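Below is one structure; the comments refer to it alone.
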There are 2 protein chains.
Amino acid sequence: MSHTLTTIAFDADDTLWHNEQYFQLTQHHFKMLLADYCEPDHLAERLLAAEKRNLSHFGYGVKGFTLSMIETAFEVSDGKVPSSVIKQIMDAGRDMLAAPVDLLPGVADTLETLAGKYKLAVITKGDLFDQERKVAQSGLGDFFDVVEIVSEKETSTYTRIFRAIGDGPEHSMMVGNSLKSDVIPALNAGAWGVYVPHELTWELEHAEEPSEQERYKKFESLGDVLSLI
Amino acid sequence: MSHTLTTIAFDADDTLWHNEQYFQLTQHHFKMLLADYCEPDHLAERLLAAEKRNLSHFGYGVKGFTLSMIETAFEVSDGKVPSSVIKQIMDAGRDMLAAPVDLLPGVADTLETLAGKYKLAVITKGDLFDQERKVAQSGLGDFFDVVEIVSEKETSTYTRIFRAIGDGPEHSMMVGNSLKSDVIPALNAGAWGVYVPHELTWELEHAEEPSEQERYKKFESLGDVLSLI
């Protein structure tokens, strides 16, 4: 490594702990609730369209997702969805906000090995309140020097944060399960980008894998990061 | 002033721009929508109870408020609220997220006078995404060195932020319309606390005025801060 690595940042959802599985379970429930009004595949399409459209109003996170489900329920039923179904959608959203934080394999050990040797950070987008809750419940909080919850992950986000918390992007590494939000913008900022795919990834996070390059790595599990350092 | 003042931080909602008025307008609309089910004063009470109860699930902000209104509509109607009313509540919430950012008098001039002479910051709680939108739309963004959006404003919040962005609380001042969230915890952290009341303040933000002390000031308008420096 031509520059010394001093800072390692991790995405949170589906990098440190499971997350997308709760969205998918809730969507499954949502499809059953709306079965009288809409064929499941079509419902999924309409919900994704609503989520996409609403990102610029709601941002990321469970509360916005809940509101998008309610909106979609109105849409696909031409306003005929009974309020009892809306209530169940609300309850499903609330359950997501109370879902346990289930760490991915090897995460705690890896962080324990790295802590003290590197400056460790979480850089995650989403709902401020819910992400803070998950960091707290994860039991991992003490490993991290910094937790940054941002509204969008762009190249400039990584440049700014790695300058503020560390020695700049050239000395920093970003580890995450989203090529689009974690790996590519971090590489573009001049940092290392480490891709640890998760079997479930939200459709809006898909992107082309970057070309082979010194600062890009793909690993099967988070623990493999230790092989780099 | 025994310590030099180097950093001045401002609350955002109802300190820099109007905010509570949109909540109150929406609540008025909500009362009319639910008029068949609930007497207005009782509805207000139930909504406040729901907001209070949901703070630990939703945090602050419009999306959580919208979900609390929907929940209250179910409660007061024993589940009989028609889905068309829920749809109108949703729309009211969405309108709030698109509401214009209407600056309070003297704000822009005051910030212009202070900029460059002090490190200026926004410290606000609420929804990350919506607060960032308001900072951007306010046109005030360039005056601020730092914008910190936090989930809760406690003494430790001010200690941490004033250490990170400035020269510590002793050299910092917090200006805001909430005694509970802006002034008292900042004073407790050792900073100056400047109270600029707004005629509308959310019931959950009320607190006793602090006793007279060197570091506490109360002003009628934000521009009066200039008299201090």
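Here is the naming used below: chain letters follow the sequence lines, and residue numbers restart at 1 for every chain. None of these values were measured; they are calculated from a predicted model. Scope of the values below: all heavy atoms of this structure, side chains included, with no hydrogens, waters or symmetry mates.
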A:H57 to B:L97 - nearest heavy-atom pair and separation: O-CD1, 3.7 Å
N-O pairing of B:R94 and A:E71 below 4.0 Å: yes
Under 4.5 Å from any heavy atom of chain B - which part of A:F74: side chain
Structural part of A:I86 lying under 4.5 Å from a heavy atom of chain B: both
Contact origin within A:T66 toward chain B - heavy atom pairs under 4.5 Å: side chain
Interatomic spacing from CE in B:M90 to CG in A:L67 - rounded to 0.5 Å: 5.0 Å
Heavy-atom pair count under 4.5 Å with chain A, highest-scoring of B:V85, B:V62, B:I70: B:I70
Interface residues of residues 149-166 of chain B facing chain A - non-hydrogen atoms under 4.5 Å apart: B:I149, B:V150, B:S151
Contacting region of A:N54 [heavy-atom separation from chain B under 4.5 Å]: side chain
Under 4.5 Å from a heavy atom of chain A, the part of B:L55 involved: backbone
Neighbourhood of chain B inside residues 114-140 of chain A, taking heavy atoms under 4.5 Å as contact: A:G126, A:D127, A:L128, A:F129, A:E132
Minimum-distance pair of heavy atoms, taken over all atoms of A:S83 and B:G79: OG-O, 3.4 Å
